[in-house]
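For reference, the structure is listed below as structure tokens.
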Amino acid sequence: MRIVLATGNRHKASELGPMLGAGAEVDVAPDGFEVDETGTTLIQNALLKAWALRPEVPPDQLVVADDTGLEVHALGGRPGVYSARYAGPGATFADNNRLLLHELDGIEDRRAAFVCVLVAVNGDGEVTAGCGICPGDIATAPRGEGGFGYDPVFIPRGMDRSMAELTPEQKNAISHRGRAARVLATALGIAE
Ligand code: IMP
């Protein structure tokens, strides 16, 4: 099974490749692949990305796309589907993390969850989906150099380290994306 990931985000590709790769060869989308994430739900955005790439990939190969949001309890679920642009268009990871810590300044309830939706579309246009959730808390300051995005400010439930302080293997074992990938791989019959 050959899989092409509908993402230009190399961090995601490097995480997803090994997770889906048990019985599969995994490539990333061609350079410059980008899709406007105009959906209002994670699954809409994941499907937008998958369908944009589908015509570019031979029918015997599988297209896989993901969309992820960080849902913060005290913010009524924000930034959620808008997590990438939380601090505005072109926001960097550091901008988003700064705004998040600012919005939660003085707030005791730090509960949050990463939510990941993964979809696969085969050459016949059949869609398979998997969802994964990683609950945790927002830290009071960034910690760690690993991972990407909100990882330095996210402390997975039951841990005393941020997601950015975990090894890639530790992150994949408990992350939203790891959980979604295992559900998807099982549904596709390619799980280890
Ligand atoms: P998207 O799925 O690319 O739309 O991601 C939305 C936002 O969530 C981006 O700002 C990402 O950096 C962030 N994000 C996605 N996955 C992760 C993750 O595994 N850890 C931390 N942040 C993430």
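Values below: all heavy atoms of this structure, side chains included; hydrogens, waters and symmetry mates excluded.
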Side-chain donor or acceptor of [X] paired with backbone N/O of [Y] under 3.5 Å:
X	Y	value
Asp95	Thr92	yes
Arg179	Ile133	yes
Lys49	Thr7	no
Asn97	Gly149	yes
Gln44	Thr40	yes
Arg54	Val121	yes
Asp124	Glu126	no
Tyr150	Ser83	yes
Asp109	Arg111	yes
Asp67	Val117	no

Quick one: are [X] and [Y] in side-chain contact, heavy atoms under 4.5 Å?
X	Y	value
Thr128	Leu62	no
Leu48	Glu37	no
Pro156	Met163	yes
Val26	Pro18	no
Glu56	Val4	no
Val183	Cys131	no
Gln170	Met159	no
Ile3	Ile190	yes

task: Give the other cluster members for Phe148, using side-chain heavy-atom distances under 4.5 Å between Ile, Leu, Val, Met, Phe, Trp and Tyr residues; answer none if it is isolated.
output: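 Phe148 shares its hydrophobic cluster with Phe93.
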
Closest heavy-atom contact between [X] and [Y]?
X	Y	result
Arg85	Asn96	C-OD1, 4.4 Å
Ile138	Ala112	CD1-CB, 3.7 Å
Leu118	Ala180	CD1-C, 3.6 Å
Gly147	Lys171	CA-NZ, 4.5 Å
Ala65	Ala50	CB-N, 3.7 Å
Ala139	Leu101	O-CD2, 3.2 Å

Gap separating the [atom1] atom of [X] from the [atom2] atom of [Y], nearest 0.5 angstrom:
X	Y	atom1	atom2	value
His11	Arg177	NE2	CZ	10.5 Å
His176	Leu42	NE2	CG	10.5 Å
Glu25	Gln61	CD	CD	9.0 Å
Leu104	Arg110	CG	CZ	4.5 Å

Treating Ile, Leu, Val, Met, Phe, Trp and Tyr as nodes and any side-chain heavy-atom pair under 4.5 angstrom as an edge, say whether [X] and [Y] lie in one connected cluster.
X	Y	result
Leu53	Ile43	no
Leu166	Val153	yes
Val57	Leu5	no
Phe33	Leu47	no
Val119	Met1	no

task: Ignoring hydrogens and angles, state whether a donor on the side chain of Asn172 or Ser175 is under 3.5 Å from an acceptor on the partner side chain.
output: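 Their side chains do not contain a donor-acceptor pair, so the 3.5 Å distance test is not met.
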
query: Would the number of heavy atoms belonging to other residues, nucleotides or ligands and lying under 6.0 Å from CG of Asp60 be above 12?
result: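 Enclosed.
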
- prompt: How far apart are the C-alpha atoms of Phe154 and Leu100, what are their side-chain angles, what is the distance that settles it, and do they pass the side-chain contact (heavy atoms from CB on, under 4.5 Å) test?
  reply: CA-CA 11 Å; Phe154 186 85; Leu100 181 59; over 6 Å; no

Can you give each donor-acceptor pair under 3.5 Å made by side-chain atoms of residues 75-82, sequence neighbours left out, with the distance rounded to 0.1 Å?
from, atom 1, to, atom 2, distance (Å)
Arg78, NH1, Glu103, OE1, 3.1
Arg78, NH2, Glu103, OE2, 3.0

